[in-house]
Structure formats: C-alpha cells, structure tokens
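To keep things clear, I will list the structure first and then write my remarks on it.
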Amino acid sequence: MPEGHTIHRLARDHTRDLAKQSLAVSSPQGRAVQAAAALDGGAIEKVDAYGKHLLYRWSTGDTLHVHLGLYGTFRRLPSPPPEPRGALRLRLQGEQFTADLRGPIACELLEAPREELLLARLGPDPLRRDGDPERFAANLRRRRLPIGAALMDQAVIAGVGNVYRAEVLLIAGIDPRRPARDLSAGEMRAVWDISKRLLTAGVKANRIVTRPREAGRKSRVPRREAVYVYRREACARCGGPVERYELAARTMYACPACQPAATADSPSRALSPP
DNA sequence: AGGGTATGGTAAT
DNA sequence: TTACCCTACCCTC
C-alpha cells in the first residue's frame with residue numbers, strides 16, 4: 001500500500017483529523033519514547049508529504065519524520081482508543097480520532113539540517129505542486145540505467161514504487177529495460193504525466209487503481225482487476241502473457257506485446273489514455 | 001486458520 | 001549482496 005499515493009492521502013487525512021488540537025503522544029513499544037515525550041501535549045500545524053516521506057510540523061517548531069517502508073501502517077481509530085496491543089510504535093491521540101503507527105522504517109524527530117539532506121536527495125514528486133517534469137526529464141537524461149529501474153530511484157522521481165512503475169510503463173507502452181536516457185522527450189513527458197494521473201487517482205481512491213472499472217462491475221474490485229499487469233498472469237489490455245523478471249532488485253511485470261523494445265524503425269508507442 | 005509474500009529502504013557485510 | 005523490520009493482504013485448506 002505505501003507508495004506515494006498512500007503518503008499524500010495520510011498527510012491530508014491527518015491534517016484534517018489531528019491538526020490544531022492538543023495531542024496525547026505515546027510510544028507503547030518503546031522505540032520512539034524520546035520523540036513522543038518531546039511532542040506529547042503539543043499540536044500539529046500541518047502534515048507535509050514528499051514522495052514516500054511524511055513530515056509532521058508541530059507548533060513548537062519540531063518536525064516528526066515518518067517513513068512507512070514496506071510494512072508500516074497507520075490505523076485510524078475513534079478516540080478514546082482501546083489499550084495499545086502489540087508493537088505499537090506511535091500513538092497520536094486527538095479529540096475525535098487517534099492514529100496508531102506500526103512497523104515504520106522511520107519515526108523520528110528531524111532537525112533542519114537533516115531534513116535538508118533528506119529533501120535534497122529526492123527527485124520531483126508528481127503529487128506536489130512544485131513537481132517539475134523538466135527536472136524529471138533531466139534526471140532521466142543523466143542515467144544509463146533501464147527506465148524500469150530509474151522509476152524506482154527516489155532521486156529520479158519521488159513517490160513511484162513497484163506497482164506504479166509497472167503500470168505506468170504498460171500504459172506508456174515502454175519496455176522497462178530501455179535505457180532511461182534513450183527515451184524521447186515525448187516519452188519522458190508521457191511517463192511523468194501518466195505517473196501524475198495514476199498517483200492522483202490513487203490518493204482519491206486511497207488504493208492503487210490504474211484500470212477503468214468494467215461497466216456494471218461492483219464498486220470495489222480485487223486489486224488484480226484494478227491493474228493491467230502487476231502480479232497478473234495475463235495483460236488486462238491485450239490478454240497476452242505477462243512477463244516477470246528482476247529489475248532493480250524487485251519483480252518487474254511487463255507485457256511484451258504492449259511494451260515492445262523500441263527500434264529506429266518502430267519507436268514504441270503509448271496507449272491512448274484510458 | 002494458517003502460510004506465503006511484498007507496495008521500501010537502511011544498515012551490516 | 002544480504003538481513004531485517006514484523007504488518008496486511010491474498011491465497012489455500
């Protein structure tokens with residue numbers, strides 16, 4: 001779940017549910033006791049999202065940095081919440097709602113210099129107003145690695161993960177193994193625009209949905225039916241077999257028919273937007 | 001009910 | 001390159 005869409009959705013929800021009120025902050029698991037003690041009784045001004053990173057801005061001037069990693073999850077409970085159970089890393093208890101954080105890779109106070117370092121190594125984020133497609137293109141031109149690997153590099157583009165990279169490249173009709181810098185300017189722009197569109201839809205739906213729902217289909221379909229290639233046997237666009245292989249230490253899913261290797265004679269072509 | 005797997009990144013090796 | 005975090009989900013039984 002935690003690609004950029006999840007993070008931006010949490011920033012929005014937590015700003016709505018928890019900001020501008022006194023919060024009881026605790027760390028029952030004991031691994032963020034110091035941060036909890038510093039923040040307890042304080043108030044959040046707003047929550048910012050950069051790629052897959054959450055920054056909670058407290059009225060004291062403190063910034064709490066949270067990164068969910070692969071397992072991390074926030075659960076929203078009505079206040080007052082039940083007694084904490086298990087490995088509960090952080091609990092933010094507000095007047096009406098409580099947010100419980102489990103399994104994050106990062107949950108720490110972030111001093112200004114370290115925040116600068118963190119943001120400096122993030123590429124443009126399509127979900128942010130300041131996300132700049134020209135910066136993205138410049139990042140790609142600088143890299144010889146495959147486009148499927150470049151999209152996983154948070155310094156190239158922030159917020160895209162393993163599901164979105166597969167889906168974006170399928171829709172763009174681009175073979176993931178093509179060197180990033182070999183993409184045409186139009187292809188680079190298409191990859192950015194499709195990423196932005198899919199991530200934005202993900203924030204709204206609060207899940208990854210890259211494929212239009214079939215007419216008359218029930219409103220909530222299994223993930224398998226909400227995507228074109230990720231973890232599928234057959235491509236949802238053409239019905240052909242989906243290829244899977246390791247790329248950037250993760251499993252890549254691609255349709256060889258919809259994502260042909262480009263040649264000088266026949267550059268790969270993008271799908272018309274669904 | 002229970003087992004296998006992973007939407008991510010860091011630190012150790 | 002590998003171990004790890006140790007949750008939620010999906011699948012099978």
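Note that the structure is a prediction, hence the values are computed from the model and not measured. Residue numbers begin at 1 in each chain, while the letters A, B, ... track the order of the sequences.
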**Report entry** Most 5' of A:Arg75 and A:Pro104 on DNA chain C, judged by nearest nucleotide
**Finding:** A:Pro104
Query - Listed partners of A:Lys204 passing salt bridge (charged side-chain N to carboxylate O under 4.0 Å, His left out), at least two apart - result: none
Query - Base-paired stems that DNA chain C participates in, counting runs of 3 or more Watson-Crick or G-U pairs under 3.5 Å - result: B:1-6 with C:7-12, B:8-12 with C:1-5
Query - Distance-only polar pair, side chains of A:Arg57 and A:Thr63, donor-acceptor under 3.5 Å - result: yes
Query - Touch class at under 4.0 angstrom, heavy-atom based, for A:Glu167 against every strand present - result: nothing
Report task. Keeping the roles fixed (side chain from A:Gln154, backbone from A:Gly159), state whether a donor-acceptor pair exists under 3.5 Å. Result -> yes
Query raised in the report: A:Asn206 and A:His5: side-chain donor and acceptor closer than 3.5 Å?
Result: no
Query - side-chain contact (heavy atoms from CB on, under 4.5 Å) partner of A:Arg91, the single match among A:Val25, A:Leu101, A:Leu77 - result: A:Leu77
Query raised in the report: When you compare C:dA8 with B:dT10, how far apart are their P atoms, in angstrom units rounded to a whole number?
Result: 22 Å
Query raised in the report: Which ones in residues 78-89 of chain A lie close to DNA chain C, meaning a heavy atom under 4.0 Å from one of its atoms?
Result: A:Ala87, A:Arg89
Report task. Measure from NZ or CZ of A:Arg9 to the centre of the six-membered ring of A:Phe74 and say whether it is under 6.0 Å with the direction within 45° of the ring axis. Result -> no
Filtered N/O pairs between nucleotides 3-5 of chain B and protein, under 3.5 Å:
unit_1 : atom_1 : unit_2   : atom_2 : d
B:dT5  : O3'    : A:Arg231 : NH2    : 3.2

**Report entry** Set of salt bridge (charged side-chain N to carboxylate O under 4.0 Å, His left out) partners for A:Arg114, sequence neighbours left out
**Finding:** A:Glu108
Requested in this report: Would you mind classifying the nucleic acid contact of A:Arg31 as base, sugar-phosphate or nothing, using non-hydrogen atoms under 4.0 angstrom?
Outcome: sugar-phosphate
Query raised in the report: What nucleic acid atoms does A:Tyr230 come within less than 4.0 Å of, heavy atoms only: base, sugar-phosphate, or nothing?
Result: sugar-phosphate
**Report entry** Salt bridge flag under 4.0 Å for residues A:Arg189 and A:Asp193
**Finding:** yes
Query raised in the report: Can you find a pair of side-chain heavy atoms, one from A:Leu183 and one from A:Arg178, that are under 4.5 Å apart?
Result: yes
Report task. Can you see which heavy atom on A:Val163 is nearest to which on A:Glu3, and at what distance? Result -> N-OE2, 2.8 Å
**Report entry** C:dA3 to B:dT5 separation - P atoms, rounded to the nearest Å
**Finding:** 16 Å
**Report entry** Separation of C:dA8 P from A:Leu101 CG (nearest whole Å)
**Finding:** 11 Å
When you compare the protein's N or O atoms with those of nucleotides 9-13 of chain B, which come within less than 3.5 Å of each other, and at what distance?
unit_1 : atom_1 : unit_2   : atom_2 : d
B:dG9  : OP2    : A:Lys52  : NZ     : 3.4
B:dT10 : OP1    : A:Arg121 : NH2    : 2.7

**Report entry** Nearest-angstrom distance from the residue atom OH of A:Tyr71 to P of C:dC6
**Finding:** 10 Å
Query raised in the report: So is A:Arg128 actually on top of A:Tyr50's ring, under 6.0 Å and inside 45° of the axis?
Result: yes
**Report entry** A:Gln93 and A:Thr98: side chain donor to acceptor below 3.5 Å
**Finding:** no
Query raised in the report: What do the steps show when you test A:Phe97 against A:His14 for ring-ring contact (aromatic ring centres under 6.0 Å, His included), and what is the final call?
Result: CA-CA 9 Å; A:Phe97 296 105; A:His14 285 174; over 10 Å; no
